[in-house]
Number of protein chains: 2
Amino acid sequence: MSFIPLLPGSLSGPPAERSDAARNRERLLGAARELIAECGPDALTMDRLAERAGVGKGTVFRRFGSRAGLMMTLLSDSEAAFQARFMFGPPPLGPGAPGLERLIAFGAERIAYVMEHGDLARAAEASARSRYEVPAAKLWQRHIELLLREEGMDADPLLMAMSLTATLDPDRILHAVRVHGLAPERLTDSWRELVTRVVRGR
Amino acid sequence: MSFIPLLPGSLSGPPAERSDAARNRERLLGAARELIAECGPDALTMDRLAERAGVGKGTVFRRFGSRAGLMMTLLSDSEAAFQARFMFGPPPLGPGAPGLERLIAFGAERIAYVMEHGDLARAAEASARSRYEVPAAKLWQRHIELLLREEGMDADPLLMAMSLTATLDPDRILHAVRVHGLAPERLTDSWRELVTRVVRGR
DNA sequence: GGACTAAACGGACCGTAGTCCGATTATTAT
DNA sequence: ATAATAATCGGACTACGGTCCGTTTAGTCC
């Protein structure tokens, strides 16, 4: 008996992962989480990961493309949760509150997110490509831009959003907190001041 | 006849480079400039450089410490010139103009600088260390902080300066111009808006 | 000039990210 | 069940940044 697709093939998405491929992906993700739990993300090398998962190195790269890709995969759950909260969640982060309130909340949540997943996020940003052109990054910036427009921003909302996004860069935030020893609350306060001034205009 | 120092030793600085070391440093810098002129900074590898300069690889690293260090050395002239201009040059970049004017000029000049030396600057920023902890970077940020204070900034000038500095990151600027195709003038305009709003306060 | 010392030299060596391709194996059609 | 096919697998290989250490050499003192 043969399988008759209910939808045209192209709508079913990619032709379904082979079972061994799926098994290896799970093994790899598990091994990666183990290694990170043991020694932190910086100590995770692709060779060690392959060995721990009992898999060839080529397999690791076919699955995730690059080290940054692997890190993004590991982050994708918490990342998706964050996205859901600022797009559909309760105010002030989600819709329902005024734009400025949402901007302030967005920065605060982002800073908290970096405090929790910062090392992983940094490792996921290896190349310049994977820093700005990743869907998640484009989404944040677009979100900020939208909130700025909602607040009547007249001056180039796209570039203003870009500047505000730069402030929330994980690398910079982690450096400020870990090297300079600044308290995260201070960053949050400064973010509030910054967006308030930018939105209020001249 | 022996040399009698006019000043205590420690004031004469490091004990003078040996002649072969100086010769090799010049050779290496020349070769580096050649290679960069031919294929751009990204194609400069430390092995190729050593070979081109007719020198061992170890010598390259002893001279410059790292690839980023080499790039910084190559930038140091134009970097020093830039520093001199915003610290001692004519207004509005240099002292004499109001703080806001100087801030606006600073951003404009920095963007122009990145347009000219951006690839090199990016290559000089390889590690997180050499991104924020390098003397030049700390100087800019301190400069911006000072100008903010001069304009009566009440809200955490240090962190505001950090945010503004993030906007001028070479990586981000190059990405905006080269990938997104934004005109540098547009970045400059947006910078003016940004600092104006930040300084004017609420 | 010759001996001494500290600095500089050079290239073999290491760890890591990423590539490649012949061997292997899951899946499907017969 | 068997054969055909296409995806997957694995690990040797490359390129690169960076380190190490035995060897060479410039500068100094007699």
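Below, chain A is the first sequence line, B the second, and so on; all start at residue 1. For the numbers below, each heavy atom of this structure counts, side chains included, while hydrogens, waters and symmetry mates do not. Everything quoted here is computed from the prediction, not taken from an experiment.
By the side chain to side chain contact (heavy atoms under 4.5 Å, CB included) test, H143(A) pairs with F86(A), R102(A), F106(A), L147(A), sequence neighbours left out. Applying the ring-ring contact (aromatic ring centres under 6.0 Å, His included) criterion to Y113(B), with sequence neighbours excluded, gives F82(B), H117(B). Taking the side-chain hydrogen bond (donor to acceptor under 3.5 Å, both in side chains) definition, one finds that R33(A) meets it with nothing, sequence neighbours left out. Residues passing the side-chain hydrogen bond (donor to acceptor under 3.5 Å, both in side chains) test with E34(A), sequence neighbours excluded: R52(A).
For the pair D20(B) CG and dG27(D) C1', the computed distance is 10 Å after rounding to whole Å. Distance L28(B) CG to dA8(C) P: 14 Å, rounded to the nearest Å. In this structure, L49(B) atom CG and dA15(D) atom C1' are separated by 16 Å, rounded to whole Å.
In this model, the phosphate group of dA8(C) is not approached by any side-chain N or O of R23(B) to a distance below 4.0 Å at OP1 or OP2. Within the 4.0 Å cut-off from OP1 or OP2 of dT8(D), not a single side-chain nitrogen or oxygen of R25(A) is found.
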Report task. Output, in order, the C-alpha distance, side-chain angles, deciding distance and verdict of side-chain contact (heavy atoms from CB on, under 4.5 Å) for L103(B) and L148(B). Result -> CA-CA 8 Å; L103(B) 273 172; L148(B) 286 177; 3.8 Å; yes

Query - B/S/- contact track for nucleotides 10-20 of chain C, protein heavy atom under 4.0 Å - result: BB----SBBBB

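Residue pairs meeting the side-chain hydrogen bond (donor to acceptor under 3.5 Å, both in side chains) criterion with at least one partner in residues 176-185 of chain B, sequence neighbours excluded, are D119(B)-R178(B).
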